[in-house]
Each structure stands twice: as C-alpha cells, then as structure tokens.
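Lettering follows sequence order; numbering is per chain, from 1.
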Protein chains: 2
Amino acid sequence: MSTPGRGLHGHVLDTLGPAITAGEYPPGSVLRTDELAQHFEVSRSVMREAVRVLESMHLVESRRRVGVTVRPRAEWNVYDPQVIRWRLAGADRPHQLRSLTVLRSAVEPVAAGLAAQHATAEQCAELTECALGMVANSRGHKLEKYLVHDIAFHRVVLTASGNEMFARLGDVVAEVLAGRTHHEVMFEDPDPAAVTLHVQVAEAVRAGDAPRAQELTRQITVGALQELDILAP
Amino acid sequence: MSTPGRGLHGHVLDTLGPAITAGEYPPGSVLRTDELAQHFEVSRSVMREAVRVLESMHLVESRRRVGVTVRPRAEWNVYDPQVIRWRLAGADRPHQLRSLTVLRSAVEPVAAGLAAQHATAEQCAELTECALGMVANSRGHKLEKYLVHDIAFHRVVLTASGNEMFARLGDVVAEVLAGRTHHEVMFEDPDPAAVTLHVQVAEAVRAGDAPRAQELTRQITVGALQELDILAP
DNA sequence: TGTGACGTATAAGTCTGACTTTTTGTCGCT
DNA sequence: AGCGACAAAAAGTCAGACTTATACGTCACA
C-alpha cells in the first residue's frame, strides 16, 4: 500500500512501526539507537532517521542519556495513515476498526450533507456511476467488484464535501471497508437495503437535498455500526 | 506549544514547516538537501532528518537525482497536530479555522452522545466544574479564564466519549477555541446562550441522556459555525 | 540519617568526508 | 524519429570522531 520500503530507513520502519503499535514494546520501554542499528544491520544515520519519523508520529520520544522511549498509546498520532495501517495490520485490528467506524458515523453524514450543497456536476455523475456499479455487483458473490465501487462512492462523497479534513479521511474509509470485506463476516452478498441507501444518497446529492443526503448516510453508518455490534439498541 | 526546537533539526522544522504549509514553496517546487543544509547552517545529517519528518507528514517527497519536491496540499497529512499548528500560524489561518470548525460540528455532537453513555463519575464532576468555571467568567471581560474552562470542557467531553480518535481531537479543538478568542472577533463577553448550553450538556451527560447531550452540543457547534459565517441560513 | 554539591558515565546529538546507487537527460548512432 | 549508451546530479549510505546534556552514584557535610 502507498509507498513501501523506499530506502533502508523505510524497511526499518516497516518492522519497527508495526512492532510498536502492536504493543510489542510496552509504553515506557527504552530502546537504544545503536542497538537498533546493529539489530537491523543499518548505519546509525539511517536508524536515526527512522527514529525521527517515529518521533514525529509521537510513537516514541528521544531523550539524551536515556534513549528512545515508547510513548503511551494516548499520545500517538492515531490519524497518521501510516499508523492506522500498522494498527490495522496488527493485533488490535478489531479495536481500531471500531474506533474508525464510529468516526465514520460522525463524519460521513455531515460530509454527505455538504456534498449535496457543493458537489460539481462531474462529481454527481461519478457518484451515480459508483452507485450503479454497486447495484450491478450486489448479487452473485461479486464482493470484490462491489467493494471497489463502495470505496469509490464514499471517497467521492468525502471529496465533494469541499472540506479538506473530510476529504483526507477517504483513505481511512477505504481501509475500513476493505477490512470489513476481507477479514470480517462478509460471506454473503451485501445487504440490499444498504445498496438502496447508496443509490438514494446519490440521488439526494444530485438533487441538492442536504438534509436527505445526511439522513440517508446516517442510516448507512448505523448499518456499519450494527455490523460491529457497537450500537446499543 | 508542545515541544519546540528540541535539537537542531527541530529548529529547521520550525522554519521550513511553516514556510511549506504557507505555500511559500508552491507544489512541485524542488529543494535540494545540500542547499538547505547550507542555508540553515546545519550538517547534511541534520537536514536529512528534518526532510524525513516532512516526508512522513507527506508535505514533501524525496527522490533520487531530482531532489525534495513539495507535494500538493491535497496529499498533506492535515491531521498531524504539527501541520495544523503551522497552518494556523500562517497565511491560511482563516481557511484552516473553517475546516476545523466544520470537523468539530461533525464530531463533537456524536462524542457528547457517547460521553453521556460512557463518562465516569469523575469525568462528570470535571465537566460540571468546567461549566461552572465558564459561568463564573462569562461576564466582565475575563475572556482568558473563560477560554481555559471552555477548552477543558470540550477536552473532557472528547475524552469521555471513550473513542481514541475523538479524544485525540482535543488538542485541535483547543487550538480552534484559542484562535477564536485571540485572533477573531471576540471582544465582548461570550454569548450567554452558549454558556447555558454548556451547563446543560454537563447535566445531560451526568444524566446519561445521550440524545439530549448530542442535540445540545450540536447547537453549540452551530453557534461556532455561525460565528465564522459558514452556515447558510 | 538525610541532603546537597559534585563528578562521571552514558546515550543521543552533531559534523565531516568519502563512497554508492539510482535516475534523468543528453548525445550520438542507426 | 527512435533507440541505446554514457555521464552527471542528487539522494542514499556508511564509518568514525567529537560534543553535549543529563541521570545517577558518590561523598562530604549537616
């Protein structure tokens, strides 16, 4: 995904990042640059660059005479796409998936409402195209093709909202949707009601009906929450 | 704020980061590590570490034989607290403030609803304490003291939601509230209606009334949107 | 026994210079 | 015009020496 292992320090990060986010080194653990450099068989300069990156993600803190200490989870930059990927690939994947789905339930309805106000004609066309693609692949175990259109749909909505903060959540939503299809219970064809909702959202956005787009999207996210048993009924 | 200039590479970032996020180097601009190192009067190793950090924020991309190129805004990690601070300190502060306020309007109501379900007794107490502090400083141009309690209030709500993604937005909200008080139109005492809403939110959370907490918080964020003339009435 | 000043060991931080690798642009040949 | 080889440019990597901050232990003194 994205840009894996571009350079030695990238390879180090691909190993150290997942290890830290997986809790392999508990908070407060102390690492030493020199030892890490030896362990990964890279020079200290490369190791230092890797540590700097981890530091910018607030995963670790580097202090003189002490070493590189792992910070508590509460301080991590959990919105960093890299951190999200590492965590989704690790042990607390379920927990991370829940957190992100709740975030979706907050953001996507509002984004859809804004999209109804700001979407360009091109974006509206793209949206209906995605919705049609979902319908076309909603039966007959064509989950992979369905997923592609589902991801594209939500990405367009978030982008069309015109808010850059929302737009940047496109990748996150993509990860969540992909995770749901690939690792969670998703053997059967998708819920027909959900498919219909997506079509209706596309319609509402095209019609410029913000409240309706918001409410319909809210129902979609409620479905996502229920799938993970998050919603207290 | 937070950890300024810890080390030489930190000082470089404090200058380069704001410059890039301010659009001083337009997307596609090419920088060269050696030149930058000379310009900042640091060694190449230090400069390289700084570039690595900028790269992890997706502000720049480093490629062999070409140099360090500035990426388009759409690819920046806009949720990185450091990036947010840089942008808030720079030219597109108003734009950033709007984006973040819209994000708040999506997240905070949902967070308040969850807080009503999950807040501990201690958090409820803290919340009412903050609300009382806001009331106590709502008249007589005690804006600074009011701000402190306002920030604390929203931080507690986000934390009490039990969702780590929401919790990590505490700093962002703090920046937005501080920015509103310090740089925007906020000469007079705060809107009494807003103060009342905060008190009522504290009550609703304590009572475990999620829908009410959510609706009241929605009204607070609507007020914030109106202050920035975002809401189309 | 407690407390403060002092010294020392430690690990990060910094700098320098040489070397390697990848990529791009160009030049010349067909 | 197209293609391949060559050369230059910039990042990437490494090794070693030196600097600096600071946690911790020690020792003297109260």
Side-chain angles (χ1 to χ4, degrees), chain A residues 2-17 19-20 24-72 75-76 82, chain B residues 2-17 19-20 24-72 75-76 82:
Chain A
S2 71
T3 30
R6 67 276 180 235
L8 278 188
H9 98 283
H11 174 254
V12 171
L13 284 175
D14 288 341
T15 309
L16 247 191
I20 294 175
E24 213 161 301
Y25 303 94
S29 303
V30 176
L31 313 172
R32 265 148 310 174
T33 308
D34 289 13
E35 284 187 9
L36 291 174
Q38 277 190 14
H39 178 262
F40 288 105
E41 299 179 321
V42 296
S43 67
R44 288 195 313 132
S45 5
V46 169
M47 196 60 226
R48 284 180 55 76
E49 288 169 24
V51 168
R52 282 278 177 266
V53 172
L54 294 175
E55 203 176 21
S56 88
M57 296 169 174
H58 275 65
L59 293 183
V60 302
E61 188 184 3
S62 181
R63 277 168 56 198
R64 274 185 149 121
R65 162 69 206 215
V66 170
V68 179
T69 66
V70 178
R71 307 183 92 149
E75 296 176 10
W76 296 351
Q82 186 90 108
Chain B
S2 71
T3 30
R6 64 277 180 239
L8 278 188
H9 97 284
H11 173 254
V12 172
L13 284 175
D14 288 342
T15 309
L16 247 192
I20 294 176
E24 212 162 303
Y25 304 94
S29 303
V30 176
L31 313 172
R32 263 148 310 169
T33 310
D34 288 14
E35 285 187 8
L36 290 175
Q38 278 190 13
H39 178 262
F40 287 106
E41 298 180 323
V42 296
S43 67
R44 292 197 312 284
S45 12
V46 168
M47 196 60 227
R48 284 180 55 75
E49 287 170 24
V51 169
R52 282 278 178 266
V53 173
L54 294 175
E55 202 177 20
S56 89
M57 295 167 173
H58 275 66
L59 293 184
V60 302
E61 186 183 5
S62 182
R63 277 169 54 198
R64 275 182 148 120
R65 161 66 202 204
V66 56
V68 179
T69 65
V70 179
R71 307 184 108 170
E75 296 176 9
W76 295 351
Q82 186 87 209

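Nucleotide dG13(C) holds its P atom 5 Å from the CZ atom of Arg52(A), rounded to whole Å. Atoms CG (Leu54(B)) and C1' (dA11(D)) sit 15 Å apart, rounded to a whole Å. Distance Arg44(A) CZ to dG16(D) C1': 9 Å, rounded to the nearest Å.
Under 4.0 Å is where a charged nitrogen must lie from a carboxylate oxygen, and between Arg52(A) and Glu49(A) no such pair does.
One cannot find a donor-acceptor pair under 3.5 Å joining the base of dA21(D) and the side-chain atoms of Arg63(A). Judged by atom type and distance alone, Arg64(A) does not reach the base of dT22(D) through any side-chain donor-acceptor pair under 3.5 Å.
Proximity of Thr33(B) to Arg48(B): side-chain heavy atoms (C-beta onward) are separated by under 4.5 Å at one or more points. Between Met47(B) and Val51(B) the shortest side-chain heavy-atom distance falls below 4.5 Å.
Among the protein residues, Ser45(A) comes within range of the nucleic acid bases, having at least one heavy atom under 4.0 Å from a base atom. Val66(A) comes within 4.0 angstrom of sugar-phosphate atoms only, judged by non-hydrogen atoms across all strands, and of no base.
Close to dG12(D), at under 4.0 Å from its OP1 or OP2, lies a side-chain N or O of Arg48(B). Taking only side-chain nitrogens and oxygens, Ser43(B) never comes nearer than 4.0 Å to OP1 or OP2 of dT16(C).
Between Val42(A) and Asp34(B), the residue anchored nearer the 5' end of DNA chain D, judged by the nucleotide with its closest heavy atom, is Asp34(B).
Among the nucleotides dG12(D), dT23(C), dT10(C), the one closest to any side-chain atom of Arg65(A) is dT10(C).
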